[in-house]
Amino acid sequence: MDEAQITSPGTSIASPKILFMMADYGHDPTETAVPWATFKAAGYEINIATENGKVPECDKKMLEGITQKLLGAKKEVVTAYKQMRKSEEMLHPLSWSAPDFTLDPFDLVVLPGGHEKSVRQIIDSPIVHKLMVDYFPKTKKPGRKAVAAVCHGVMVLSESKDADGRSVIRDCVTTALPARFEQGAYWGTRAFLGDYYKTYGHGSENVQDLVTKVLANPSQFKSSLNPGPFVVEDENYNYISARWPGDAEVFAEEIVKLMESFNKIV
């Protein structure tokens with residue numbers, strides 16, 4: 001991955017305003033830093049929001065020690081994350097629990113994943129659920145608002161439900177962490193990492209099952225067990241989803257294509 005640089009597109013079109021919604025701790029660094037670096041290179045205006053404006057940290061197990069070397073972020077991703085940590089948006093996050101906070105100023109809301117249990121702070125937040133119930137309908141095409149989520153980030157959306165108990169992605173096609181991937185990581189590391197790969201603990205439902213149950217039809221959940229990049233874009237909403245860190249680069253590239261397509265809408 002090349003070092004992120006801010007470049008000018010050479011036009012008078014305003015740069016898209018991007019918001020990363022994050023827990024205080026635990027997001028996957030690849031699913032966070034790779035899109036961040038891509039958006040920086042595209043010249044986008046980036047903001048980050050945590051619950052109370054605390055500077056977020058990604059999962060250290062994916063960044064340091066033997067767990068990083070065996071299971072975590074690649075060297076170039078670690079470099080990008082270190083760069084992200086020094087950015088103004090990372091050092092001065094917004095607060096998504098502030099009384100006057102709204103998602104309306106943003107063209108794109110990004111929900112990175114991560115299996116570390118601390119990410120439940122955002123997955124389970126009634127405040128975030130309310131924000132997404134308000135914002136997600138505005139992504140309906142041909143509108144110019146968008147949402148992108150990867151891995152456990154999709155659960156923020158599956159858990160965001162309206163007054164009738166319907167998830168905001170009920171009528172969308174989506175992907176998320178495949179059950180086979182989750183089970184493989186859990187059982188493959190349980191002897192030395194315990195239930196680290198189960199965000200809600202041993203015996204809890206898989207992400208795929210939790211997301212699928214809120215969809216109007218199970219066939220709307222799309223997946224692939226091929227480790228190569230796999231990204232899903234809904235036909236009716238400006239909503240892009242991906243499965244895991246291996247999808248992060250293409251995930252980010254597809255988001256940029258979507259943002260650029262808005263400039264072509266007459």
Side-chain angles (χ1 to χ4, degrees), residues 1-11 13-50 55-64 68-69 71-94 106-116 119 122 146-154 156 227-233 238 240-263:
M1 179 187 301
D2 295 331
E3 184 172 331
Q5 296 179 346
I6 300 176
T7 59
S8 171
T11 71
I13 298 173
S15 296
K17 294 186 67 174
I18 313 299
L19 180 70
F20 282 78
M21 295 274 282
M22 299 180 67
D24 292 345
Y25 180 78
H27 287 290
D28 183 87
T30 304
E31 296 169 0
T32 309
V34 169
W36 175 86
T38 301
F39 302 155
K40 275 289 186 182
Y44 295 171
E45 179 183 336
I46 303 175
N47 285 272
I48 291 171
T50 56
V55 177
E57 290 185 79
C58 284
D59 185 356
K60 290 181 180 178
K61 278 189 170 66
M62 298 291 98
L63 292 161
E64 303 172 357
Q68 180 267 321
K69 288 181 173 59
L71 306 165
K74 296 178 181 178
K75 184 178 179 180
E76 59 268 27
V77 172
V78 175
T79 299
Y81 176 69
K82 289 179 178 178
Q83 195 178 0
M84 181 181 181
R85 288 278 291 167
K86 298 175 184 177
S87 69
E88 283 297 309
E89 56 268 23
M90 193 75 155
L91 294 173
H92 302 98
L94 305 174
F106 303 101
D107 302 299
L108 168 71
V109 176
V110 181
L111 300 165
H115 47 264
E116 209 280 336
V119 300
I122 187 167
V147 170
V150 54
C151 198
H152 286 67
V154 177
V156 176
F230 180 82
V231 175
V232 173
E233 181 172 356
N238 295 314
I240 294 176
S241 56
R243 304 166 303 170
W244 70 324
D247 299 334
E249 191 168 343
V250 172
F251 174 66
E253 291 170 355
E254 291 302 312
I255 293 169
V256 170
K257 290 179 184 176
L258 178 62
M259 293 292 101
E260 291 177 347
S261 74
F262 292 164
N263 296 328

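- Between Trp36 and Gln83 there is a side-chain heavy-atom pair separated by less than 4.5 Å.
- Contact detail for Trp244 and Cys151: the closest heavy-atom pair is CA-CB, 4.4 Å.
- Across Val256 and Thr38, no two heavy atoms sit closer than the pair CG2-CG2, 3.8 Å.
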Evaluate side-chain contact (heavy atoms from CB on, under 4.5 Å) for His115 paired with Asp59, printing each intermediate quantity in order.
CA-CA 9 Å; His115 47 264; Asp59 185 356; 4.1 Å; yes
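- Separation of atoms CD (Glu64) and NZ (Lys69) is listed at 10.0 Å; rounding is to 0.5 Å.
- Here Glu254 pairs with Lys257 in a salt bridge; the nearest charged N to carboxylate O distance falls below 4.0 Å.
- For the pair Asp247 (side chain) and Val231 (backbone), a donor-acceptor distance under 3.5 Å is absent.
- Across all their heavy atoms, Val250 and Pro229 have their closest contact at CG2-CB, 3.4 Å.
- Not one N or O on the side chain of Ser15 forms a donor-acceptor pair closer than 3.5 Å with the backbone of Glu45.
- Ile48 is listed as a side-chain neighbour of Met84, based on a closest heavy-atom distance under 4.5 Å.
- Sorted by first and then second residue, the salt bridge (charged side-chain N to carboxylate O under 4.0 Å, His left out) pairs with a member in residues 82-92 read Lys40-Glu89; sequence neighbours excluded.
- Here the shortest heavy-atom pairing between Ala146 and Met259 reads CB-CE, 3.7 Å.
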With side-chain contact (heavy atoms from CB on, under 4.5 Å) as the criterion, how do Asn238 and Phe262 come out once you've worked through the C-alpha distance, each side chain's angles and the decisive distance to 0.1 Å?
CA-CA 10 Å; Asn238 295 314; Phe262 292 164; 3.7 Å; yes
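- In this structure, Tyr81 and Pro56 approach most closely via the heavy-atom pair OH-O, 4.4 Å.
- Distance alone, capped at 3.5 Å, is enough to place a donor-acceptor pair between the Thr79 side chain and the Lys75 backbone.
- Heavy atoms only, all atoms of each residue included: Ala73 and Pro29 are closest at CB-CG, 4.0 Å.
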Would you list the atom pairs, donor with acceptor, under 3.5 Å between side chains in residues 16-27 and any protein atom, with sequence neighbours excluded?
from  : atom 1 : to     : atom 2 : distance (Å)
Asp24 : OD2    : Gln121 : NE2    : 3.3
Tyr25 : OH     : Lys60  : N      : 2.9
His27 : ND1    : Pro112 : O      : 3.3
His27 : ND1    : Gly113 : O      : 3.0
His27 : NE2    : Ala23  : N      : 2.8

Start with the C-alpha gap between Leu108 and Phe39, add the side-chain angles, then the distance that decides, and say whether side-chain contact (heavy atoms from CB on, under 4.5 Å) holds.
CA-CA 11 Å; Leu108 168 71; Phe39 302 155; 4.1 Å; yes
